[in-house]
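Since we're looking at a predicted model, the values are computed, not measured. Chain letters run A, B, ... following the sequence lines, proteins first and then strands; every chain starts at 1.
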Number of protein chains: 2
Amino acid sequence: MSGREFGRELSTAVVAFHEAVGAHLGVTAVDQRALALLAAKGPMTAGALAREIALTPGAVTGVVDRLERAGLARREPDPADRRRVVVSAVEDAFGEVFAGLAASMAEVVDRYDEAEQRAIADFVTRTVEVLRRETRRLTGTGDAG
Amino acid sequence: MSGREFGRELSTAVVAFHEAVGAHLGVTAVDQRALALLAAKGPMTAGALAREIALTPGAVTGVVDRLERAGLARREPDPADRRRVVVSAVEDAFGEVFAGLAASMAEVVDRYDEAEQRAIADFVTRTVEVLRRETRRLTGTGDAG
DNA sequence: CATTTTAGTTCAGTGTACTGAAATATCAGG
DNA sequence: CCTGATATTTCAGTACACTGAACTAAAATG
């Protein structure tokens, strides 16, 4: 199998899994992007989230509604400014969904010796960098998830 | 960075790239799933494609319309049965879009010695298997892209 | 305090992709 | 041939997320 087929298979599998998770939990792709942002950058106000994902405040209400309904995020009033709503990703919210995946991936990683694991980790890190760069190139924006 | 964060970063980056490609070419996530199927299983009729991606024939017309408009797939009449339309993925249709990615990934892979490359390839293969299994678990169907 | 600004939600309108059914074209059987 | 079955497209209706604007609430300003 060529490296190219390789990447395509991985990409397809990742996307299929992502879609399945979304369908299972009743959230859209955009919702999941918002959640990833919250997980990566920590809690932020609804307005900040709107700017980050380039959506209107009205749309963000819907995004957070769905994430909350799925138990993936929480709304909390900002005690310092009661107009504001702070949205945060629920810790380990994917627990049930990701439990099997995490366990299986741990098993997979366990198969390799230390040097191999270093190579794999390095490969993944560099792959992520490449993907982000190419995503920026396509979108023209500085935002690459 | 834990293995967990790791996977999430890769997943997010892959999905973001996938979305960017779709937006760039004017095709939906479903369209891309259909295209991946055509690339993997070879040309098939519109009806077969409809069954594979679990959509009505009417919806498939739209899917193929968009793929054709983007230059990613082709419609051809079946000479043996002129009611049928055979849909095929255009070879190297992603050329322009994926050129940068392919080159960068080749560079990345080049950094590792033979043993490391073997470990990486094995890791990717097993990861794809795990993802497909977990996708099946979530959807309950036998279809995991 | 009254006024202006800011934050978020609500809501009507819009765009898009899907379903289900009707229409069109072709094949297969009597 | 004529009839019934099959393959795809077309089309009206539906579902859903997004936009833009009005609305509510709270903070900042003077």
Side-chain angles (χ1 to χ4, degrees), chain A residues 15 18-38 43-70 72-88 139 141 143, chain B residues 15 18-38 43-70 72-88 139 141 143:
Chain A
V15 170
H18 209 255
E19 284 176 3
V21 170
H24 186 71
L25 297 172
V27 298
T28 72
V30 171
D31 300 343
Q32 292 183 75
R33 186 149 56 89
L35 184 63
L37 241 146
L38 291 170
M44 63 182 78
T45 65
L49 188 55
R51 283 187 295 276
E52 292 276 359
I53 60 180
L55 248 52
T56 60
V60 166
T61 298
V63 168
V64 178
D65 282 352
R66 287 186 294 274
L67 289 177
E68 234 182 358
R69 193 184 317 136
L72 301 175
R74 248 197 311 268
R75 268 192 182 89
E76 278 166 307
D78 183 340
D81 182 343
R82 290 185 318 204
R83 289 170 306 179
R84 289 188 177 163
V85 167
V86 176
V87 185
S88 53
T139 57
T141 76
D143 155 62
Chain B
V15 170
H18 208 256
E19 284 176 3
V21 170
H24 186 72
L25 296 173
V27 298
T28 71
V30 171
D31 301 342
Q32 294 183 74
R33 185 148 56 89
L35 183 64
L37 242 147
L38 291 170
M44 64 183 78
T45 66
L49 187 56
R51 284 187 293 278
E52 291 276 1
I53 60 179
L55 248 51
T56 61
V60 167
T61 298
V63 168
V64 178
D65 283 350
R66 287 187 294 274
L67 288 177
E68 235 183 358
R69 194 184 318 138
L72 301 174
R74 248 195 311 269
R75 267 191 183 88
E76 277 165 309
D78 184 341
D81 183 343
R82 289 186 318 206
R83 289 170 304 180
R84 290 187 177 163
V85 167
V86 176
V87 185
S88 53
T139 57
T141 77
D143 155 62

Q: Locate the shortest heavy-atom distance separating A:R75 from A:T61; write the atom from each residue and the value.
A: NH2-O, 3.3 Å
Q.
Return the OG1 to CZ distance between A:T45 and A:R83, rounded to the nearest 0.5 Å.
A. 11.0 Å
Q.
Can you give me the closest heavy-atom contact between B:L25 and B:A70, atom names plus distance?
A. O-CB, 3.5 Å
Q | Of residues 53-68 of chain A, the positions that come close to DNA chain C - non-hydrogen atoms, cut-off under 4.0 Å | A | A:P57, A:G58, A:T61
Q | Check against side-chain contact (heavy atoms from CB on, under 4.5 Å), B:L49 and B:V64 | A | CA-CA 10 Å; B:L49 187 56; B:V64 178; 4.1 Å; yes
Q | Partner of A:V63 by side chain to side chain contact (heavy atoms under 4.5 Å, CB included), out of A:V27, A:L35, A:D31 | A | A:D31
Q) What is the distance, rounded to the nearest whole Å, between atom CZ of B:R51 and atom C1' of D:dT8? A) 12 Å
Q: Output the residues of residues 77-88 of chain B in contact with DNA chain C, where contact means a heavy atom of the residue under 4.0 Å from an atom of the strand; sort by number or write none.
A: B:D81, B:R82, B:R83
Q. Would you say A:L37 and A:M44 make side-chain contact, with heavy atoms under 4.5 Å?
A. yes
Q: Could you tell me which non-hydrogen atom of B:G22 sits nearest to which non-hydrogen atom of B:Q32, and how far apart they are?
A: CA-NE2, 3.4 Å
(Q) Quick check: closest heavy atoms across B:A73 and B:E68, and the distance to 0.1 Å? (A) O-CG, 3.3 Å
